[in-house]
Structure formats: C-alpha cells, structure tokens
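Notes to accompany the following structure.
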Amino acid sequence: MTIPRTSRNIRPMHDMRFLRENLDGLKAQLGLRAGDVPWEDLRKLLQDRSNLMTQVEDLRHQLKTGSEEVGRLKREKQPADEAMARMKAVGDRIKEGEESLRLVDERVQDLALRIPNLPHQSVPVGPEAAANVEVRRWGMAPTLTFAPKPHWDLGEALGILDFERAAKIAGARFAVLTGLGAKLERALINYMLDLHTTTHGYREVLPPFMVNRAAMTGTGQLPKFEEDLFRLRDDDYLLIPTAEVPLTNLHREEIVTEAHLPIKYTAHTPCFRREAGSYGKDTRGLIRQHQFNKVELVAFAKPEDSYEELERLTAAAEAVLQGLGLHYRVMALCTGDMGFSAAKTYDLEVWLPSQKTFREISSCSNFEAFQARRASIRFRRANGKNDFLHTLNGSGLAVGRTLVAILENGQQADGSVLLPKALRSYMGGLERISKS
RNA sequence: GGAGGGGUGGCUGAGUGGCCGAAAGCGCCGGUCUUGAAAACCGGAGUCGGGGCAACUCGACCGUGGGUUCGAAUCCCACCCCCUCCGCCA
C-alpha cells in the first residue's frame with residue numbers, strides 16, 4: 001500500500017528567530033506549562049543552527065559565483081581546471097555543512113514542537129481543574145422523586161445498551177447500542193448537524209476517519225501524544241481522535257482569501273482514543289470509550305476576530321444543550337487544565353443526576369495561530385500581506401455523552417425515559433423510550 | 001496488483017546542463033486615456049528564511065528525498081500524488 005504524503009512545512013508555534021530571541025520570555029510566560037521542554041538544549045541547538053546556517057549560505061554563495069565564473073571561462077575557451085577544482089572543494093564543504101544543519105534542524109523541530117501554546121491573558125491562572133472558573137449556568141436539574149439510576153442501568157434495563165456483548169466482540173471501553181438506543185444516537189447526530197448547518201452557518205463535511213502524520217502534527221496531536229492514538233500496523237495512518245484533525249487540516253498549506261473568513265465546518269465522525277493512563281476512570285458506562293461519536297465545530301478566523309468567534313462557537317455548542325433542555329454550566333479552564341495547543345478553552349459541563357455533578361460534554365477552544373503555524377494555514381489580507389489565521393474548534397457535542405445526559409435527565413420512576421421535544425421528530429414522533 | 005501518461009508561479013503552459021526564479025497567455029494591482037466604465041497602451045507583482053532603520057542585499061524553493069556534475073527545473077535512482085486502460089472489489 002501507499003505511504004501517506006508528509007510535509008516538510010511543519011512549523012512549531014513560533015519561528016526560529018522568535019524562539020532564539022525570546023526563549024527566556026517564552027519560558028516565563030508559559031509558567032506551569034513550560035513543563036518538560038529541555039530549554040537549555042533548545043537554546044544551544046538554536047545557536048548552532050543559526051551559526052551553521054550562516055556558514056552554509058556563505059559557502060553556497062561562493063559556489064554559485066564560482067560556477068558562473070567557470071561557465072564564463074569555458075565560453076571564452078579559457079582554462080577552467082583550477083577554478084573547477086576549487087569549487088569541487090567548496091561543494092564538499094557544503095555537503096558536510098548541510099548534513100550537520102539537517103541533524104540540528106531535526107532536533108530543534110522535535111523540541112520546538114513540544115512547546116505548548118501560550119494562554120490568552122483572560123485565562124484564569126491555576127495548577128489544575130480546581131482553579132477553573134464557572135462563567136455561567138443554564139437551566140435547572142430535573143426534580144426527581146426517586147433515586148436516579150446511572151445510564152448503564154437504565155440502558156441495559158431498557159434493552160438499548162449492551163456492554164457485555166461489546167466486551168465480547170471488542171473489549172473494555174466499547175459499547176453496543178441496539179434498537180431505540182442506536183436510533184437515538186442517530187437522531188442526536190442529525191439534530192446537531194441540522195442545527196449547526198442551518199441556524200449557525202456551518203458547512204457539513206464528511207472527512208476520512210484516518211489521517212497521515214502530517215495532519216496529526218498540524219493540529220498538535222503529534223509528536224507529543226502518540227500514545228493516545230490508535231494506528232494501523234502496516235500503513236502509516238492513524239485513527240482520528242476527533243474530527244478537529246481532518247477539518248482543520250483541510251486547509252493545511254493553503255493561503256485563503258480574507259473575504260472567505262470566517263470559514264466554518266461541522267462534521268460527524270467516530271473518534272478513536274486509546275485512553276492510555278486513564279485506567280480505573282469511568283470504567284462503567286458510555287462516558288469514556290475507545291470509540292465514540294462526536295459532532296465537531298471548526299472555525300478559521302482572522303486574528304482580530306478570533307475571540308469573538310470563540311464566543312459564537314461556544315454559543316453554538318450551548319444551543320444544542322438548550323434545545324435539548326439539559327442543565328449545564330460553562331467553565332473557563334485555567335492555565336494548568338488547558339490542552340497543549342489551546343490559548344483559551346471553555347468546557348461545557350452537563351448535569352448528570354446519578355453522579356450529582358456536572359460532566360464535560362464539550363470543549364471549545366481558540367488555538368490562535370498555534371495550529372495555523374504548524375499546519376501552515378495563512379490568509380491574504382486586503383493589503384496583500386500573508387498572515388497566519390486563527391483556528392478554533394469545539395464539540396457540538398460529544399454524542400455518546402449527550403445520550404447519557406438524555407437518559408439520566410429524562411428518566412422516570414417507572415424506568416422509562418422521556419425524550420426532549422426537539423428530538424421527537426427525529427425519532428418518528430416517539431415521546432418516550434420504554435421497556436419493550 | 002499490471003501497463004502507460006503526467007506533476008513548473010493564482011491559473012493555463014513553454015522550458016533536456018550555465019545568461020532560468022523561470023517565456024507567453026489569462027487573471028490580479030497601479031497608471032494613461034474617458035463624464036464614468038470597457039477596450040487599448042504603459043508599468044508592477046511569487047513564497048519562505050538570513051542581514052539591514054531603510055533603499056536594498058544574501059540564500060532556498062520547478063511533487064518529495066537522494067545521487068551525478070565546477071554548475072541541475074533539465075541527467076540518474078527511489079518514493080508520493082494525479083490521470084487513462086486492465087485486473088480485483090463494496
């Protein structure tokens with residue numbers, strides 16, 4: 001089979017010159033996020049790279065002018081042996097220099113690609129989730145006159161969720177949905193896509209579910225998070241952990257025109273995650289699966305508009321929950337809890353009665369130019385200048401978790417589940433899921 | 001999987017060893033002309049990186065990587081992608 005095309009145009013979040021001149025400032029600004037980047041190694045490598053570059057470019061200049069001289073001599077039928085011998089030597093030195101430069105470059109790339117994004121100034125500072133800030137809350141938790149059941153009990157009793165057989169055919173962290181469960185999942189996907197493509201102005205996309213390494217590097221999954229990804233044994237493809245990867249990479253190595261911005265895409269895809277390191281967490285139920293469905297929102301915006309766009313994108317994700325009448329809150333993630341690539345993130349957390357707590361159901365982020373640099377996505381301004389644009393994305397929503405919320409929040413004393421009105425037309429008019 | 005054709009600037013497309021970062025056309029930008037526009041004519045314009053306050057200057061880039069050569073878009077090797085035909089297949 002084929003080996004996917006990879007790109008050389010992968011840039012870390014900053015260009016080399018900026019890195020060299022601002023390494024200390026960057027490290028300081030990153031604070032807790034500076035983490036496991038070997039800053040001193042990086043500093044030395046950047047200096048080496050700069051020196052080598054000057055040397056090689058100087059030699060190349062000699063070679064160029066020298067070779068032109070040879071050409072001139074030959075045309076004038078003059079002896080050129082001596083000049084040719086000199087240029088041969090210069091050529092050899094260039095080869096050596098280029099080899100050293102290539103090695104240094106590789107190491108700089110690898111280190112620089114591990115530097116996380118800088119948090120936006122509006123992001124609360126803190127070491128971990130406890131420092132996240134609640135921004136707003138919507139709706140009310142349902143008043144249940146009985147002890148709420150977890151969705152796995154509800155689903156198994158209704159005959160629409162089957163974890164045992166999922167373990168038989170695949171393993172732990174997989175689920176089988178049957179009958180009205182499968183239909184409900186499908187209804188949710190359609191409801192979400194319809195909402196985003198009509199009232200929110202997103203263009204629907206159906207992308208590949210496996211991508212090459214260049215794509216994964218562009219959005220920041222590689223090189224640092226390879227152990228979280230499923231990959232194929234015989235081909236260099238990786239299964240997408242989110243539609244963010246194919247959607248954002250749609251415009252990799254492109255220059256889009258300013259008039260087209262913002263560009264907004266939505267897609268439903270399965271998402272595949274190895275969940276390495278989450279052993280023992282959410283082992284029961286649909287909350288944490290190796291494969292789950294998600295409707296994703298991705299936006300490309302001008303830098304000056306991107307934070308406005310983040311609010312709009314978050315509102316679009318919230319609209320899904322509001323349409324379903326689900327109680328939720330919006331959290332601004334603190335510096336220590338944000339993802340590697342994000343400059344600012346809002347999490348939407350939905351109320352789960354059985355756990356008496358809010359659980360993440362969507363994550364909406366502005367990556368600023370972080371992904372755009374890595375993936376080389378630029379736009380041409382009216383004045384003719386090219387500039388990196390800003391990328392954003394958010395779940396709108398995680399479908400499996402939405403199904404969980406609907407089961408748990410809609411549950412009745414008799415074990416049936418009342419469906420939100422907005423979903424009923426997608427369920428053939430059905431109002432309630434009961435044991436059949 | 002087999003056979004053949006092809007990848008050059010925003011697009012079309014020329015270019016088989018030096019004067020080619022690359023003809024020409026289209027499109028684009030500026031100007032002349034015009035009441036305005038079109039046409040015509042004149043001029044401009046690639047991307048990335050280094051140096052410089054700047055005018056500017058140096059280097060890289062013709063699918064990707066390697067090789068030959070004083071010198072490669074051009075010759076050689078490998079790979080990737082696209083197209084046509086055959087085979088297989090939902």
Side-chain angles (χ1 to χ4, degrees), chain A residues 1-22 45-106 108-109 112 206-218 232 234-238 246 249-261 263 369 372-389:
Chain A
M1 246 299 288
T2 55
I3 299 193
R5 188 164 83 101
T6 52
S7 169
R8 292 178 311 150
N9 298 337
I10 292 164
R11 273 184 208 81
M13 64 168 290
H14 297 296
D15 56 71
M16 295 298 160
R17 185 183 177 181
F18 177 89
L19 268 185
R20 203 169 66 240
E21 290 168 3
N22 298 284
L45 284 167
L46 283 167
Q47 191 54 52
D48 290 353
R49 180 178 179 282
S50 172
N51 294 342
L52 276 167
M53 196 113 109
T54 316
Q55 274 176 37
V56 169
E57 287 197 358
D58 185 57
L59 285 169
R60 274 203 278 250
H61 180 61
Q62 284 182 40
L63 182 70
K64 201 172 174 176
T65 50
S67 294
E68 277 164 15
E69 176 68 6
V70 170
R72 193 184 60 80
L73 289 172
K74 292 209 162 182
R75 244 174 286 123
E76 294 172 3
K77 308 272 192 242
Q78 293 186 35
D81 291 359
E82 194 262 346
M84 280 168 67
R86 259 193 301 125
M87 286 311 108
K88 171 89 178 147
V90 171
D92 290 344
R93 287 177 63 200
I94 290 176
K95 286 220 174 76
E96 289 167 27
E98 281 176 339
E99 175 61 11
S100 315
L101 190 58
R102 196 183 60 77
L103 289 173
V104 170
D105 230 25
E106 234 167 53
V108 168
Q109 282 288 323
L206 184 63
F209 301 158
M210 54 181 94
V211 302
N212 58 35
R213 285 179 175 270
M216 285 291 186
T217 309
L232 305 197
D234 292 331
D235 302 288
D236 208 6
Y237 291 128
L238 301 110
N249 278 284
L250 280 176
H251 293 295
R252 192 173 81 233
E253 286 157 58
E254 287 184 13
I255 302 173
V256 304
T257 52
E258 182 171 18
H260 290 156
L261 296 174
I263 298 171
R373 279 181 187 284
R374 294 170 74 109
S376 191
I377 310 173
R378 290 171 290 168
F379 74 107
R380 192 182 302 282
R381 289 188 183 273
N383 66 14
K385 285 277 185 194
N386 294 333
D387 218 344
F388 290 109
L389 45 70

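To find a chain, count down the sequence lines: A is the first, B the second, and so on, and within it residues start at 1.
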Salt bridge between [X] and [Y], side-chain N to carboxylate O under 4.0 Å?
{"X": "A/R102", "Y": "A/E99", "value": "yes"}
{"X": "A/K95", "Y": "A/E98", "value": "no"}
{"X": "A/E68", "Y": "A/R72", "value": "no"}

Measuring only the [atom1] atom in each nucleotide, how far is [N] from [M]? A whole number of Å is fine.
{"N": "B/G25", "M": "B/G44", "atom1": "P", "result": "14 Å"}
{"N": "B/A78", "M": "B/G5", "atom1": "P", "result": "15 Å"}
{"N": "B/U16", "M": "B/U12", "atom1": "C1'", "result": "22 Å"}

Query - Inter-residue atom distance A/L59.CG - A/T54.OG1, 0.5 Å rounding - result: 11.0 Å

Look at [X] and [N] and indicate whether a side-chain polar atom (N or O) is within less than 4.0 Å of OP1 or OP2.
{"X": "A/K64", "N": "B/A60", "value": "yes"}
{"X": "A/R102", "N": "B/G65", "value": "no"}
{"X": "A/H61", "N": "B/C58", "value": "no"}

Query raised in the report: Starting at the 5' end of RNA chain B and moving along, which residue's nearest nucleotide shows up first, A/G66 or A/R60?
Result: A/R60

Report task. Grab the CD-P distance between A/E99 and B/G65 for me, whole Å please. Result -> 14 Å

Query raised in the report: Of the nucleotides B/U47, B/G71, B/G59, which has the atom closest to the A/R378 side chain?
Result: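 Ranking B/U47, B/G71, B/G59 by closest atom to the A/R378 side chain puts B/U47 first.
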
